[in-house]
J.: 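Take this structure first; my questions come after.
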Amino acid sequence: MSKPFRTALVLALALSLPAIAGPPQPTSGSAAGRPGGAPGAASKRGADLVIRGAAVYTMDAVRRWAEAIAIKGDRIVYAGPDGGIADYVGARTRVLELPGTMIVPGFQDAHVHPVSGGVGYLGCALYGLVGRDAYLQAVADYAAKHPDKPWIRGEGWQLSAFAPTGVPDRRLLDGVVPDRPVYLESSDGHSAWVNSKALAAAGITKETPDPAGGRIDRDPKTGEAVGGLQDSAMDLVTAAMPAITAQEKIDGLRYALKMLNGFGITSFQDASVNLDGDTSYRSIDTYRTLDRENELTARVVASLWWDRHRGEEQIPAFLEARRKYTRDNLRATTVKIMQDGVMEVQTAAMLEPYVGKPGVRGLTMVEPEALKRAVTTLDREGFQVHFHAIGDAAIRQCLDAVEAARRANGTRDGRHHISHLELIDPADIPRFRRLDVIANFQPLWAYADDYITELTLPFLEARRARWLYPIASVLRTGAVVAFGSDWSVSSANPLEEIETAVTRMGALGETDTPFIPEERIGLADALAAFTINAAYVNFQEDRTGSIEVGKLADLAVLDRNLFTIPPKQISDAKVVLTLLGGKPVHGDLEALTKKEK
Ligand SMILES: [Zn+2]
């Protein structure tokens, strides 16, 4: 499907042709509405940047292909056949000839944690390590390298290292760091592994009750805490920890932006932005600071964190934040509600008990009737609600809440979305479309890794396990499906996620059998979920998410056309250039220009 047209290679010849030879561009702003006569090449001349010879997947309404793009200022002024581009080349136009590449709209990540992820990666990072011994070695090394730090803070361990329970042991950490508290979050952020010093610092004893929405893992015989903390129980320790500094957060966000831009990402929704609390990330100010310095190299929507221990009295603070922070590249227009935990440690809220765990149905974070009231008020105030829901009960509660809001407020353009969607009861699948709820999947989770095989499938009847990550089934109903990475939980590389959505196998060769193959989706749909559909989530599909005349020039240049390679190679593709509003935020424009001709 490469596009071997070379009609405009002879630039001078093309320029000498009468203007009427140009391709029809019904939406071209420069020509439209001009009364009579040819628009004339002069009115188009002088684009800042022209890219030719590429396979341009425009992601417009008919998923049209183009070969060339012209950009002036921050906008796309041409997207069409090579034959029409010459009119846009003036004396000061930079022209890139990029045969063999594919251009897509800049990727948009609908669920990601750039500030906390960046801080985590710059701390005691356990991501990418495999097994307890590797973790302990890394913690010991980090502690030795930072003798001055009163606490060791880290993240990125996998629950599967502690299979079959997923619960870690404080004594292992005591063995490497006996003198200082250690607090390590799991890669999914729902569990913490702490040592005895950390438990002591937080005042956790066997008398400490489990907090609402949380669990202190205990020795069944003695009742003593064993070193694992689930969800709200983590707060007991973080409250005792020194706060993360503003500078650490700025450094973290800078790190994340560079990485995200490197993956072709030009926009994202931060899935948890705290407004208060000393120990948590008040990352809204971090975004504001970088935006003011012109360093916020992405269009950002902040999901303001709903404190589940409080009620609607927190809504005025959201209204205030929306007024104060929504400008330039930042919008604080969404509220994030976490409705359950995760499947692997049986904290996801389930319609039926976990197999072998009589009566255990996980955690419901917000009481369902209170959830309905909260969502109704937020919807009425014009907020988008971004839910976290993993178990089939939590997903149903979120859909019920949106249904209640619609009954009370009428149909509004709320674009509420539910993230994660690990297990959807088949009866609820048609409700996404019916309620205009966007299904926000993290497709990198939809293959049979050990989280699935060891920590999920043993606790789920096969009849229900069929509905794990049912992406194709939701898509078939006509619902809007968007994708996000949930980085730093998982890789933020959209190409890995797209590959897994298409193959239902590990993108790095982890597995070679598709997991529930009937839930695979096509490449075009997977690309849409990361571009125009995610733009829709962020209320910006009118100006981003596709490559069309008049839209912002947010785009990514890949080193190969994804439609011409085997699906298992999608994640091998590299992003050679990322443009945000026509300006490079990744890649070397000079080097690419020199490669021309
Ligand atoms: Zn998340």
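Remember, it's 1-based here, ligands and their atoms both numbered in the order they're listed. Small disclaimer: the values here were computed from a predicted structure and weren't measured.
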J.: Is the backbone N or O of His420 less than 3.5 Å from a side-chain atom of Gln442, with the two atoms forming a donor-acceptor pair by type?
T.: yes
J.: When you measure from the side chain of Arg132 to the backbone N and O of Phe162, does any donor-acceptor pair fall under 3.5 Å?
T.: no
J.: Below 2.8 Å, any N, O or S contact between His388 and the Zn ion (ligand 1)?
T.: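 No, since none of the N, O or S atoms of His388 sits under 2.8 Å from the Zn ion (ligand 1).
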J.: For the atom pair OG (Ser186) and CD (Glu344), what is the distance rounded to the nearest 0.5 Å?
T.: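 So the OG of Ser186 and the CD of Glu344 are separated by 9.0 Å.
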J.: Under 2.8 Å from the Zn ion (ligand 1), is there an N/O/S atom belonging to His113?
T.: yes
J.: By atom name, which N, O or S atom belonging to Asp486 lies closest to the Zn ion (ligand 1)?
T.: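 The Zn ion (ligand 1) is closest to the Asp486 atom OD1, counting only N, O or S.
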J.: Could Arg415 and Phe539 be counted as a cation-pi pair, given that NZ or CZ must be under 6.0 Å from the ring centre and within 45° of the axis?
T.: yes
